[in-house]
> 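Below is a structure I'd like to ask you about.
Residue numbers start at 1 and run along the sequence shown.
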Amino acid sequence: GYLYSWGKKDEKLILDQLKREHLDVDYEINFFDLKSAYNRMKGHAPSYGFMKSLRVEGFEFEGEIHNALDDSYNLVKLFLKYREHWMNYA
């Protein structure tokens with residue numbers, strides 16, 4: 001399966017957290033950087049950040065910024081809008 005995140009930094013944070021908690025993952029984690037894919041899909045250079053991308057797509061951020069659950073909830077909005085297109089920009 002895939003673990004979707006906004007930016008490459010999340011991959012390192014997640015792997016570091018697994019190591020700190022001594023959690024062994026007995027399967028391969030495939031990270032998918034939605035930020036890079038989104039910016040390639042839209043042709044943005046320099047790349048748009050998460051908040052700007054939400055606004056451009058007509059969404060408002062709901063909840064507390066940098067709260068993992070709220071960030072995830074809001075990321076799903078973008079993910080679902082383009083769910084048929086992500087893998088074209090992997």
Side-chain angles (χ1 to χ4, degrees):
Y2 284 90
L3 194 144
Y4 297 89
S5 66
W6 188 264
K8 293 186 181 293
K9 186 170 82 172
D10 290 337
E11 179 177 352
K12 181 176 178 357
L13 292 172
I14 290 165
L15 293 174
D16 287 348
Q17 182 69 29
L18 289 170
K19 186 183 280 187
R20 271 195 308 279
E21 300 294 330
H22 305 289
L23 298 172
D24 291 325
V25 178
D26 60 353
Y27 54 89
E28 184 178 345
I29 300 174
N30 298 298
F31 288 90
F32 190 95
D33 178 10
L34 291 171
K35 179 180 181 179
S36 294
Y38 176 80
N39 284 295
R40 278 194 301 277
M41 179 174 22
K42 295 294 188 166
H44 295 157
S47 67
Y48 284 14
F50 184 49
M51 298 301 279
K52 185 173 184 176
S53 299
L54 282 175
R55 282 193 310 272
V56 166
E57 297 298 335
F59 298 115
E60 288 187 33
F61 187 91
E62 297 178 57
E64 183 180 327
I65 297 171
H66 298 300
N67 172 291
L69 187 58
D70 294 339
D71 286 352
S72 298
Y73 174 79
N74 288 282
L75 184 57
V76 167
K77 295 175 189 178
L78 280 178
F79 179 81
L80 291 176
K81 182 170 183 176
Y82 295 106
R83 67 183 166 271
E84 303 296 325
H85 305 283
W86 292 113
M87 289 305 180
N88 296 329
Y89 298 92

> Quick check against the 3.5 Å criterion: does W86 have a side-chain atom that pairs as donor or acceptor with the backbone of F79?
yes

> Taking atom types as modelled, is there a side-chain donor on E57 or Y48 under 3.5 Å from an acceptor on the other?
no

> Taking all heavy atoms of L75 and all of F50, pick out the closest pair and write down the distance.
N-CZ, 3.6 Å

> When rounded to the nearest 0.5 angstrom, what distance separates NZ in K9 from CD in E11?
13.5 Å

> Look at atom CD of Q17 and say whether more than 12 heavy atoms of other residues, nucleotides or ligands are closer to it than 6.0 Å.
yes

> Return yes when atom NZ of K8 has more than 12 non-hydrogen atoms of other residues, nucleotides or ligands closer than 6.0 Å, and no otherwise.
no

> Please report the shortest heavy-atom distance between K35 and S47, naming the atom on each side.
CE-OG, 3.6 Å

> Just how far is it from atom OH of Y89 to atom CZ of F32, taken to the nearest 0.5 Å?
11.0 Å

> Tell me whether the count of non-hydrogen atoms from other residues, nucleotides or ligands lying under 6.0 Å of OH in Y2 goes above 12.
no

> Could you walk me through whether I65 and M51 pass side-chain contact (heavy atoms from CB on, under 4.5 Å), step by step?
CA-CA 9 Å; I65 297 171; M51 298 301 279; 3.8 Å; yes

> Looking at every heavy atom in both L69 and N67, which two are closest together, and how far apart are they?
N-OD1, 3.0 Å

> Say whether I14 and Y73 are linked into one hydrophobic cluster, either directly or through other cluster members, by side-chain heavy-atom distances under 4.5 angstrom.
no

> When rounded to the nearest 0.5 angstrom, what is the spacing between NE2 in H44 and OG in S53?
7.0 Å

> How far does CZ of F31 sit from CG of D10, to the nearest 0.5 angstrom?
9.0 Å

> Exactly one of L23, D24, L13 should register a side-chain contact (heavy atoms from CB on, under 4.5 Å) with L18. Which one does?
L23

> Roughly how far, to the nearest 0.5 Å, is CG of D33 from CH2 of W6?
8.0 Å

> Using a strict threshold of under 4.0 Å (side-chain N to carboxylate O), is an ion pair present between E62 and K77?
yes

> So how far is it from R83 CZ to L78 CG, rounded to the nearest 0.5 Å?
12.5 Å

> Identify whether L3 and L80 are in the same connected component of the hydrophobic contact network (ILVMFWY, side-chain heavy atoms under 4.5 Å).
no

> Please name the pair of heavy atoms, one in D71 and one in F61, separated by the smallest distance, quoted to 0.1 Å.
OD1-CZ, 3.3 Å

